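For reference, the structure discussed in these notes is given below.
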Amino acid sequence: MGSSKKTSFCLVGQFLGYELKGHEIHRVHLRCGQEEYSLKVNSDVRSFLVRAYLEKKLKAGDWLEVVGVKKDCAKKGIKFKAHSLSYAKRPKDCPKTFVSPSTSTTRVLVCQKSSCCKRGGKAVMKQLQKVVGDRHLDGQVSIKGTGCMGKCSKGPVMVIDKTHYRQVDAGKVSRLIDNHVNA
Ligand code: FES
């Protein structure tokens, strides 16, 4: 068995975005100085992020304080798990922002309920995560899987900001993202 050491950590940094697994928030991405961290979240942090998303309170570049446990494993490297998260002030010794202040978050919702999934909703979500990851848009695009949006026969349904798309083809996701992010 590989040896591993656990210590607590506290990071203050800027919110870059989050990562989904299925339709749950799985990781939060944070920039501290020149370093970027990908932190696994527990249920408390997940609830905080979902609430912040619904209330439209959290945007890329906002300062957060994250407390959790860091596991240093000889085999797997360093893993972070966030146990609590709160809004923070920019530390005095940090430049005003590392993320362009004009950067706004494009919100993408993808229905992950059965009718849409039968019509390709999972493939749409997968392709969306790939496009966002490949283009390093995590700080600019937030992704959320949702429940039924009431347009089941026209699925898969996707909403980008306030624009609704129906019968979305996974192959067209990239172009749809371009239309909004580069607009
Ligand atoms: S299942 Fe997707 S809109 Fe109803």
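Just follow the structure's listing: the first ligand is 1, and inside any ligand the first atom is 1. Model, not experiment: these values are computed from the prediction.
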(Q) Are Tyr87 and Phe15 an aromatic pair, judged by ring center distance below 6.0 Å? (A) no

Q) If only atom types and distance count, is the side chain of Arg27 paired as donor or acceptor with the main-chain N or O of Glu19 below 3.5 Å? A) no

Q. Taking the side chain from Gln14 and the backbone from Ala60, do they hold a donor-acceptor pair closer than 3.5 Å?
A. no

Q) Glu36: what forms a salt bridge (charged side-chain N to carboxylate O under 4.0 Å, His left out) with it, not counting sequence neighbours? A)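 Glu36: salt bridge (charged side-chain N to carboxylate O under 4.0 Å, His left out) contacts with Arg31.
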
Q: For atom 4 (Fe) of ligand 1, report each protein N, O or S atom nearer than 2.8 Å, sorted by chain and then by residue number.
A: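 As for protein N, O or S atoms lying under 2.8 Å from atom 4 (Fe) of ligand 1, they are Cys148 SG, Cys152 SG.
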
Q: Mind jotting down which residue pairs meet the salt bridge (Lys or Arg N to Asp or Glu O under 4.0 Å) criterion with at least one end in residues 117-132? Sequence neighbours excluded, please.
A: Lys130-Asp134

Q | For Phe80, ring pair (Phe, Tyr, Trp, His ring centres under 6.0 Å) partners two or more places apart | A |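 With sequence neighbours excluded, Phe80 shows a ring pair (Phe, Tyr, Trp, His ring centres under 6.0 Å) to Phe9, Tyr37, given in chain and number order.
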
